[in-house]
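To start, the structure under review is shown below, and the notes come after it.
The model shown is predicted, which means the values in this text are computed figures rather than measured ones. Lettering follows sequence order; numbering is per chain, from 1.
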Amino acid sequence: MINNALSFLNIPQHSLHFMLLVLGLLTVATAIQMILAIKKPNLELQQRVTSWWWIIGLLFLVFSIGTNTTIFFFGFISFLALKEFLSIVQTRQADRNAIFWAYLSIPLQYYWVAIGWYGMFIIFIPVYMFLYLPLRLILKGDTDGFIKSAGTLQWAVMLNVFAVSHIAYLLILPEKNIAAGNIGLVIFLLFMTQFNDVSQYIWGKTLGKHKILPKVSPNKTWEGFVGGLITITLVAGFIAPYLTPLSQIQGFTAGVLISFSGFIGDVVISSVKRDLHIKDCGNLLPGHGGILDRIDSLIYTAPLFFHYIYYLHY
Amino acid sequence: MNRIIKILFVLLIVRPVVLIILGLNIHNRNKLPLNGPAIIAANHNSHLDTMVLFSLYPLLQVHKLRPVAAADYFLSNPLLAWFSIHVIGIIPLSRSGRKKPQVLFAECHKAIDNGDILILFPEGTRGKPEEASTLKKGIFHLVKERPATPIIPLVTHGLGRALPKGEALLVPFNCDIAIGDALVEVESSTELLAELTDSYAKLLNDCLTYNTTDEI
């Protein structure tokens with residue numbers, strides 16, 4: 001019955017069911033937050049949950065419209081993330097022109113995705129933008145701080161455009177799990193990455209004692225890291241065959257990969273914030289911070305998960 | 001009619017530009033005066049300063065916002081003058097003349113009496129991008145006649161990167177906007193400037209994009 005009622009949504013069955021499960025989990029989380037709020041109101045937690053409703057609702061909407069809309073959506077996420085990154089790091093007035101071109105790489109990169117030109121998609125930023133952006137800087141003629149600007153700019157497009165665009169390319173791969181569709185790969189990646197953040201946080205809160213990287217992220221502990229790793233490995237193994245072409249064993253490995261690399265992505269962006277002496281990258285998502293604070297782990301998990309399944313199945 | 005043009009301008013141009021192409025980190029939004037009379041004393045980096053402020057107000061309130069702007073610049077050609085007066089709703093101020101304060105600020109006082117929210121840039125000019133210029137005393141002579149009007153210090157940061165003086169290319173950057181506590185019934189111009197300078201320094205520290213644009 002649910003299938004009939006929701007058949008107008010353009011989402012294959014397995015992915016649709018999983019999205020409904022996510023909405024169920026979010027409802028439970030909201031209920032828990034409300035109960036906790038009776039004892040001790042926590043504005044940040046409340047905002048965090050509300051933002052989650054917006055994020056997941058928006059994803060649900062975009063997924064159900066179709067592939068090109070979803071590609072466009074991730075392109076827009078790249079734009080917001082790149083803008084946030086370039087706004088907090090140091091740039092020179094002389095860099096404005098090159099920065100403008102860095103933004104123009106977004107529509108091009110996502111266009112390669114949309115037409116499924118893998119060869120271009122995979123080298124456009126690491127090769128062509130890498131060679132072109134310094135040229136734009138040279139044309140301005142200001143050599144004081146040139147090295148730093150060239151480095152910052154290339155890193156910025158790699159993190160926010162190249163890495164993030166791998167999520168979108170998952171949609172273009174040949175369909176291998178018909179019941180879940182390619183959107184299943186995206187849902188799997190997003191869910192595992194974000195659920196990893198949540199479980200590392202919860203394990204760390206309940207059992208955490210031994211700090212893992214005290215200088216970068218004082219709240220992260222070995223207990224949180226390992227607890228998250230085990231949780232995600234198990235959950236990924238059971239969900240992978242349902243949403244992706246991966247077997248159960250391959251799913252366990254995907255879980256290890258996502259949990260480990262998600263942690264790295266998190267602490268890399270934490271180091272950026274530490275370096276700049278700021279707590280959040282922005283305040284677009286109340287309770288979370290900026291868009292970068294939310295997709296930090298995804299920046300690492302997306303390309304690694306992509307190449308993992310690409311190697312195994314495509 | 002002007003009110004409708006201004007609402008459309010804010011809805012169709014200002015808001016999309018400010019909220020999508022730019023992006024705001026707003027600090028202490030609750031301190032923004034939604035009703036006049038009030039004077040917002042902002043630092044000045046870019047023409048976008050005013051646009052950002054417009055985007056923060058409900059559409060039915062935008063006609064209350066009156067930027068006080070240099071007559072020699074904004075009235076310099078007929079098209080810009082029409083746009084500035086009828087769409088933006090500026091109060092032109094002569095920077096060069098040696099008029100008496102009562103004459104010079106007559107329009108400002110009229111607006112305050114009308115319950116408008118004045119936007120004032122005490123630095124007097126946009127200056128170099130992201131560098132504060134010294135504050136001018138004009139603002140004190142303006143409020144001397146209307147001492148009950150609250151002065152709200154407001155700092156924007158990052159807009160000088162998005163659209164600096166003399167550049168036509170708008171490059172997307174997130175910008176900070178931080179609003180301070182209202183100053184009321186200030187005794188002297190020195191005191192007012194000291195309090196404003198102090199407030200600006202504090203507000204600047206809230207900005208996520210601060211520390212990042214200073215040239216080496």
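Residues of residues 99-110 of chain A lying under 4.5 angstrom from chain B, judged on non-hydrogen atoms, are A:Ile99, A:Phe100, A:Tyr103 in numerical order. Below 4.5 Å, heavy atoms of chain A meet no heavy atom from residues 51-63 of chain B.
In the displayed structure, A:Tyr111 atom OH is contacted under 6.0 Å by at most 12 heavy atoms of other residues, nucleotides or ligands. Within 6.0 Å of CH2 on A:Trp54 lie no more than 12 heavy atoms contributed by other residues, nucleotides or ligands. Within 6.0 Å of atom OH in A:Tyr132, more than 12 heavy atoms from other residues, nucleotides or ligands are found, so the atom counts as buried in its surroundings.
Annotation: salt bridge (Lys or Arg N to Asp or Glu O under 4.0 Å) contacts of A:Asp296 (sequence neighbours excluded): none.
Both the backbone and the side chain of B:Ile20 come within contact range of chain A, judged by heavy atoms closer than 4.5 Å. Of the atoms belonging to B:Leu19, not a single heavy atom falls under 4.5 Å from chain A. Heavy atoms closer than 4.5 Å to chain B are found in the backbone of A:Asp280, but not in its side chain.
Going from atom NZ of A:Lys83 over to atom CG of B:Asn174 covers 4.0 Å, rounded to the nearest 0.5 Å. Rounding to the nearest 0.5 Å places CD1 of A:Ile278 at 14.5 Å from OH of B:Tyr210.
Of all non-hydrogen atoms in A:Arg96 and B:Arg161, the two that sit nearest each other are NE-O, 2.6 Å. Residues A:Gln93 and B:Pro164 approach most closely at OE1-CG, 3.5 Å, considering heavy atoms. Between B:Leu169 and A:Asn97, the shortest heavy-atom contact is CD2-ND2, 4.3 Å. When all heavy atoms of A:Gly282 and B:Asn25 are compared, the pair lying nearest together is CA-OD1, 3.4 Å.
Residue pairs meeting the ring-ring contact (aromatic ring centres under 6.0 Å, His included) criterion with at least one partner in residues 5-33 of chain B, sequence neighbours excluded, are B:Phe9-B:Phe83.
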